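All values derive from a computational prediction rather than experimental measurement. Along the sequence shown, residues carry numbers from 1. What you see below is based on every heavy atom in this structure, not just the backbone, and it leaves out hydrogens, waters and symmetry mates.
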Amino acid sequence: MADSQFISKLEKILPTVQSPGRYTGGEFNQVIKNWDSVSVHLALLFPEIYDLGMSNLGLMILYDLINQHPAFGAERAFIPWIDMEAAMRAESIPLYSLETKHALSEFDILAVSLPYESLYTNFLNALDLAGLPLYSTQRSEDSPLIIAGGHAVFNPEPIAPFIDAAVIGEGEEVIIEILENYQFHKNNHHSRLETLESLSQINGVYVPSFYKPQYHSDGIFSHMELTNHVASETIQKRIVGTLPPPPLKPIVPYIDTVHNRAPLEIMRGCTRGCRFCQAGIITRPVRERSSEDILQAMKVLIPNTGYSEIGLLSLSSSDYTKIVDLIQAINEQFLDQNIAVSLPSLRIESVSVELMDALAGKRRGGFTLAPEAASERLRKIINKPISDQQLLDTSREIYQHGWHTIKLYFMIGHPSETLEDVQAIADLSKKVLEEGKNIIGNRAQVHVSVSTFVPKPHTPFQWVGVCTIPEIKIKLDLLQAEVRGRGQKLNWNDPEQTQFEAWLSRGDRRLADVIYQAWKMGAKFDAWNEHFNYQCWLDAFTQAGLEPNQYTIRERPIEENFPWDHIGSGVKKSFLLEDYKWSKVGQIRPDCRGDCYACGILPSYNDLRHLNPGPLWLCPEVVR
């Protein structure tokens, strides 16, 4: 444990800050190992506040897996809120782990979870609070290895100078391989470079210092030059062949978190092929957990946590092959426990009357649907092949089954979008509300959430540009004028935050200087509206000598190389390009549950599919 002086300082400041329970640890199901009995110490850093980070499923999974191994220990760390950071800096308290209160600088490995790009300045702030050099080149032989993971690192280049390595893809198997590899080099007193060279030979591990980006004379990215003989041309993402057992004793926080429920992943991946959706590409192939395993896990998970609600998690829970049978079985087996079931992600195409019947009596809040676009023309472009009538029919059934509120998620700024398409959002939302009023009168509510499209790496739309701020404001003004009145509510994203997200998700390695300059000028908690400072980021671009619009509104020619092309998602770039061309003529690519369209996943993971036969993979069988 930490020394008495550290504990004394901590006890002094905790009564002075908001939500001190964020910083104490000691929760139910926490794992504390004897520091001296562990060979490799790893800190799981989620660079957001505890309230948000503790609901992250990836953190729960890795914490559970690592701590099952007797030689390895995983502890947690989160970024402190503004008041706690000020108190820590005033008292010279470094960022520490919740379990043993050791400073993060004392760990062997700092594993950083980056599910989204707006955490980048928080990540730098965490390193600074830990007393660690921000740039990998400035760290000593004794510094922890900084290894990043999460969806954001499918384009790792904007943070490449700050990390020693990145895990591309799923971490359940590769994290143990990394720890075993590190243990070997630590025991044999090998250098940091030798360790990194060895780690780079693990499938799915990217070491940025072994790659040097090259640029054309006009500043556009050209290609990646390998600077170490061990480096591979492409780093293919890691996946697991079958979903490992879920965490059955997750930590139960003392304070409210964003999701106060027991999480249980029922499926990974998506077959729908929405052209804007990065998650649907980078989590392929679809692998389901069997209904038997889900039910057995619930029997252990519920008494181990005391939660009265369980979240059945996936990108699209209603697409789970036997979702109705599963919900009915849960109803039967847990009838006397009053367990609420939440399906956080539902698709209009797979929400059936039978599913709503099964969910009856287990409602929590509104019922969420995501049409994404309100005109059928635009839905063909984005490969969301549903009709207005389907949405209205589904909405009618939802209201008839007792829900009062329907939440509709739309995007504006899609390729080739017109103001007529934006007007259609208001018109369709009013039609949904009218369906509700016809059934339950003025109790019917429609909440419309509108985000602005950002073309993400590894998607068919990675070639298109982002709408300008004036264009976005015109569209938002229209919606704000139209979606109003009794029973209607409109939420929208700040257009400036759209530009910010696009810079970081589509950037090259030169963006690291922009991130650093913004952090130096005070940027942090960029995902929080009250802390986001757009002008700070524009000033950072000026300091770095870069043009922001180069990363946002510029449409990419199809022959252009991307800064993330050396990162393999398993889906071929040629397949994404074909889908992009199809979008231009409104050609639909059907759900690949019915037919395989040769996206590249099976050739990339042929052996893994062969080792995992049966229906839980939704890709075709591999016959040898």
Does the side chain of [Y] come within less than 4.5 Å of [X]'s, by heavy atoms?
X	Y	value
Phe78	Met54	yes
Glu372	Phe410	no
Trp519	Asp526	no

Distance, nearest 0.5 Å, that separates CD1 of Ile49 from OG of Ser19: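 Reported value, rounded in 0.5 Å steps: 8.0 Å.
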Inter-residue atom distance Asn491.CG - Lys407.NZ, 0.5 Å rounding: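 Atom-to-atom, Asn491:CG and Lys407:NZ are 9.5 Å apart.
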Carboxylate-amine/guanidinium contact [X] [Y], below 4.0 Å:
X	Y	answer
Arg396	Asp393	yes
Lys384	Glu349	no
Arg509	Glu157	yes
Glu85	Arg89	yes
Glu482	Lys430	yes
Arg554	Glu547	no

Would you say [Y] and [X] are linked by a side-chain donor-acceptor pair, where the criterion is simply a distance under 3.5 Å?
X	Y	answer
Asp539	Gln543	no
Gln389	Ser387	no
Tyr551	Asp508	yes
Ser583	Arg275	no
Asp51	Thr257	no
Asn493	Ser451	no
Ser136	Asp164	no
Glu48	Asn56	no
Thr498	Glu501	no
His566	Tyr206	yes
Glu496	Trp537	no

Non-neighbouring partners of Asp388 that pass salt bridge (charged side-chain N to carboxylate O under 4.0 Å, His left out), sequence neighbours left out: Arg379
Geometric class of the [Y]/[X] ring pair [parallel <30°, tilted 30-60°, perpendicular >60°]:
X	Y	value
Tyr580	Trp463	parallel
Phe453	His414	tilted
Tyr215	Phe221	perpendicular

Side chain to side chain contact (heavy atoms under 4.5 Å, CB included) between Asp319 and Val286, intermediate numbers included: CA-CA 10 Å; Asp319 278 349; Val286 169; over 6 Å; no
Other residues, nucleotides and ligands only: do more than 12 of their heavy atoms fall within 6.0 Å of [atom1] on [X]?
X	atom1	value
Lys489	NZ	no
Arg377	CZ	yes
Glu233	CD	no
Tyr534	OH	yes

Full working for ring-ring contact (aromatic ring centres under 6.0 Å, His included) between Tyr516 and Tyr135: CA-CA 10 Å; Tyr516 175 70; Tyr135 287 89; 5.5 Å; yes
Steps toward ring-ring contact (aromatic ring centres under 6.0 Å, His included) verdict (Tyr50, Trp81): CA-CA 9 Å; Tyr50 176 98; Trp81 189 241; over 10 Å; no
Passing candidate, salt bridge (Lys or Arg N to Asp or Glu O under 4.0 Å) with Asp579, options Lys584, Arg589, Lys573: Arg589
Side chain to side chain donor-acceptor pair (under 3.5 Å) partners for Ser569, two or more places apart: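 Scan of Ser569 (side chain to side chain donor-acceptor pair (under 3.5 Å), adjacent residues dropped) gives none.
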